[in-house]
Structures are given as C-alpha cells and as structure tokens.
Amino acid sequence: MRVLWAEADLPIELNTSYWRCRIPAYRLKQAGHDTLVAHNSLIFTDTPPKQVADFLHTAEVVVVERVFVDFFIDKIKEWKVLGKKVVGTFDDAYHLIDPTKDTGKFWRASKKDPNTGNFKQFRANLSLFDRVIVPSHVLVEDYKPYCKDVRYVANYTMKELWENVRRRPPDNNIIIGWGGSTGHVKSWRDSGIITALARLQKKYHRMLVRVYGGGTEIPNYLKKAGVKCEFSGWLPFEIWPQHIAMMDVGLAPLAGLYDLRRSFVKALEFGMAGKPWVASEGPPYQDAKGGLLVKSRPDDWQHAIDSILSGWTDAKNLAQQGHEWALAQTSACVPAYEKVLSEW
C-alpha cells in the first residue's frame, strides 16, 4: 500500500499531525508499506517538490488532514479522476469550537452561527472524500449526515517515544500534571477540578500542579485559588513523554459538549508512562483503563485524587492496568489503518 499524508500542523505547532498523520505513517512503514508525510502546502500546489510529485504519481491513497477548504478541492477531484482514494482525517468538533480562542478563530467567525468562517467550507466539502476517519465515536455520529463513509480510527502512539523515559527519583513531593491547548480552559474552569485541587493543597503541602500548554489562563485560575502551580509552554512532541514520566498523577477534566468529542489521548499517554490518572466521566475515557472516572464536581475530584495520594486506591496496580491497556491500544494501529485505507 502506498499512502501520501498531507499534514496540516506547521512545524512550530506540531501536535495533531503526529496523531493523525506522522505516527500512523511511521507505523505503516515499519509494517512494510510505502508512506510519505508532507505539509499540505507542498502537496496542494502545481509545483510540488520532486520527492512529493514522484510519490504522488503512484500513490494509491492520499490522506488529507482537517483543512478541507475550497482551495484544496480541484486537486482532490483531480486525484479521484486518476483513481486514487482520498481520505479525510481530523480530531476536533469544529462545529462547536469557541471562536474567541486562538484555536477556533480559523473555523468560526461567530459563536452563535457555526455556518461562518472556514467551517462552512469544511462541512460542505466532506462529501468529496471517499472516506473520513475520526478518533471519537461521537464525532462519527455528528458527521454521518455529511460523509458517505465516516469511521472511527483511534489516535495511536508508538513505543519508541516511551522507551527511554526517566522516572523522577523519590523526593517526597507530589506532582500532578496535565498538558493541552487553550481550547481546554473551559474543561478546567467548569469541571470543578480547581476547587478540588485547592482543597487538596491544604492537606498535601508538598503537592504541585504542573500545567503544560499554549496559554496561562489555567495556571492563573489555579494560583488564584491557592494551588501551587508551575507552567511550561508548548513542548516538542518527542520530549513530552519524559515530562509525563515525572508526574505522580495525571488529570483529564472535561466540561461541555465540545469535550465529549475528544479522543482518549490523555489516558493513553498516562498509561504508556505507567501513571495513574483521574478523568471526567464521558465518552472519551469511558473504555480506558488505568484511572478513576469522576463526575465533574469538586467533591468527586477531591475524593478520587485523594484516594490515590493517600493509598486508599492501589495506584501501582491502577498504573499497571493502564500500561497494559495502552500497549494493547498501540498494537492495534497497523491493523486499523490497513483496514481503513485498503478495504474499499
């Protein structure tokens, strides 16, 4: 199978393109398939680099990530006339994204009307793809009316990222961690987790919350509530596993309809690092192993996190369950993509 992947992330912001393009392409190449990943600006052009042009000439499948705007349509139609299958991939609920945040301005010009901005073109052009793949069962249902064939394909990691991570030596500190974009502010603000952490801070004086990501709103909320917090900006994808390995407990709060359409990436990463986690109940984590699910209320967050920190819950056993689950998920990558990209 010969597959060209048109990734959407710019080099400075590489994240989603790893999950939806680079990792599956790498894993398929390991399995003996011929794959190439290039930025969409190098593919949707009349003058592509020679490597891209040569590969595209004999590619059987082209996977296009998320930017389904009108500018791309002529090329997609051209490839389909030549007999290539064109697959769309994305992992967010752009019809619900907050246009006041940096991550949402591209998609929606109005918070009240989703039929503005580039989302209108995105949804209209979904019908051109032979197949669309998303890492959320809720997104599958959302987009069935607009796609001839929309399927669930999870986000997968690769073992190589986790093989040489170093654990934090015992230091009597408690590190609780989370990483994400500015699109998660509501997840923290409205889930009850900040109040819970403020209460726990009074009990565990050596507790520290580490927040990684694209903005300071979340750490500012925590500090205002009296929670000891360290903030780090966006990290290169390749070194992120090392920072997860330094945590004692991972967090994955959810709040609102947008969050119900997220993937299980956070539970997967915590599992690969062998770390227990606490997450909001909901579709993203309902089948994940290795953590505790809570209703988005301060008391529930507090009790669950406290049960791990105090030893009421066997954190070591929980982490082992999560690691085994994460390894099983990772091993499913190649079969899943072989099926979705070759069976027509």
Side-chain angles (χ1 to χ4, degrees), residues 8-20 65-67 90-111 117-119 136 155 175-198 201 207-244 246-247 249-270 277-280 282 284-285 296 298 301:
D9 287 354
L10 295 171
I12 196 173
E13 61 178 12
L14 272 172
N15 181 39
T16 304
S17 290
Y18 267 103
W19 296 109
R20 302 311 290 172
E65 185 188 10
R66 86 168 175 264
V67 189
F90 63 95
D91 76 343
D92 276 316
Y94 304 122
H95 60 298
L96 296 172
I97 202 165
D98 185 351
T100 66
K101 303 296 181 185
D102 289 341
T103 50
K105 291 175 182 177
F106 174 84
W107 295 105
R108 294 175 59 190
S110 167
K111 196 167 186 175
N118 287 301
F119 176 72
S136 160
N155 282 334
I175 305 299
I176 296 178
W178 174 90
S181 70
T182 56
H184 293 263
V185 171
K186 178 179 175 65
S187 314
W188 280 77
R189 187 191 64 210
D190 297 345
S191 64
I193 191 170
I194 294 174
T195 299
L197 290 171
Q201 186 74 76
M207 186 185 84
L208 176 71
V209 178
R210 285 186 177 157
V211 174
Y212 300 82
T216 59
E217 285 185 79
I218 293 168
N220 287 344
Y221 279 133
L222 288 165
K223 291 174 182 177
K224 188 175 181 179
V227 179
K228 294 178 185 176
C229 178
E230 287 183 356
F231 172 70
S232 175
W234 208 255
L235 296 175
F237 194 86
E238 297 88 344
I239 69 171
W240 174 230
Q242 181 59 61
H243 288 261
I244 296 178
M246 295 293 178
M247 301 175 186
V249 181
L251 300 177
L254 303 171
L257 296 176
Y258 183 89
D259 279 1
L260 298 182
R261 290 148 173 87
R262 295 193 185 276
S263 73
F264 59 43
V265 155
K266 286 182 172 50
L268 181 69
E269 291 179 324
F270 296 139
W277 47 266
V278 182
S280 297
Y285 307 116
S296 288
W301 280 108

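Below, each value reflects all heavy atoms present in this structure, side chains not excepted, and no hydrogens, waters or symmetry copies.
- Note that CZ of F270 and CG of L251 are 6.5 Å apart. Values are rounded to the nearest 0.5 Å.
- Annotation for S17 and A8: closest pair OG-N, 3.3 Å, computed over non-hydrogen atoms.
- Qualifying side chain to side chain contact (heavy atoms under 4.5 Å, CB included) partners for P236, counting only residues two or more places apart in sequence or in other chains: E238, I239.
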One pair to check against side-chain contact (heavy atoms from CB on, under 4.5 Å): I218 and W178. What are the steps and the verdict?
CA-CA 10 Å; I218 293 168; W178 174 90; 3.6 Å; yes
What do the steps show when you test N118 against Y94 for side-chain contact (heavy atoms from CB on, under 4.5 Å), and what is the final call?
CA-CA 10 Å; N118 287 301; Y94 304 122; over 6 Å; no
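- Looking at residues two or more places apart in sequence or on another chain, you find no ring-ring contact (aromatic ring centres under 6.0 Å, His included) involving W301.
- No side-chain donor from either of E217 and T182 sits under 3.5 Å from a side-chain acceptor of the other.
- Contacts of R20 classified as side-chain hydrogen bond (donor to acceptor under 3.5 Å, both in side chains), with partners at least two apart in sequence or in another chain: T89, N155.
- In terms of heavy atoms, A225 sits closest to A198 at O-CB, 3.5 Å.
- For Y285, the ring-ring contact (aromatic ring centres under 6.0 Å, His included) test picks out no residue, with sequence neighbours left out.
- Atom NZ of K224 has 12 or fewer heavy atoms from other residues, nucleotides or ligands within 6.0 Å.
- Counting heavy atoms from C-beta on, the side chains of M246 and I175 never come closer than 4.5 Å.
- When all heavy atoms are compared, the tightest approach of K266 to H184 is NZ-CE1, 3.7 Å.
- When side chains are defined from C-beta on, I12 does not count as touching W234, because their heavy atoms never get closer than 4.5 Å.
- Residues satisfying the side chain to side chain contact (heavy atoms under 4.5 Å, CB included) test with F231, not counting sequence neighbours, are V211, T216, P219.
- For S136, the side-chain hydrogen bond (donor to acceptor under 3.5 Å, both in side chains) test picks out no residue, with sequence neighbours left out.
- Remark: W240 pairs with E269 by the side-chain hydrogen bond (donor to acceptor under 3.5 Å, both in side chains) rule, at least two apart or across chains.
- How far CZ of F106 is from CD1 of I97: 10.5 Å, rounded to the nearest 0.5 Å.
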Atom pairs and distances, side-chain donor-acceptor, residues 254-261, under 3.5 Å, sequence neighbours left out:
residue	atom	partner	partner atom	Å
Y258	OH	D92	OD1	3.0
D259	OD1	S187	OG	3.4
D259	OD1	R262	NE	2.7
D259	OD1	R262	NH2	3.0
D259	OD2	S187	OG	2.5
D259	OD2	A255	N	2.8
R261	NE	D142	OD2	2.5
R261	NH1	L257	O	2.8
R261	NH2	D142	OD1	3.3

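- In this structure, CH2 in W188 is found 7.0 Å from CD1 in I194, a value given to the nearest 0.5 Å.
- The line from CH2 of W19 to CG of D91 is 10.0 Å long, rounded to the nearest 0.5 Å.
- If you take CG on L208 and CG on L197, they are separated by 11.0 Å, rounding to the nearest 0.5 Å.
- Judged as a side chain to side chain contact (heavy atoms under 4.5 Å, CB included), and not counting sequence neighbours, the contacts of E13 are D9, L10, R66.
- For the atom pair CZ (F237) and OH (Y18), the distance works out to 7.0 Å, reported to the nearest 0.5 Å.
- With sequence neighbours left out, E230 forms a salt bridge (charged side-chain N to carboxylate O under 4.0 Å, His left out) with R210.
- By the side-chain hydrogen bond (donor to acceptor under 3.5 Å, both in side chains) test, K186 is found to be paired with D190, residues two or more places apart in sequence or in another chain being considered.
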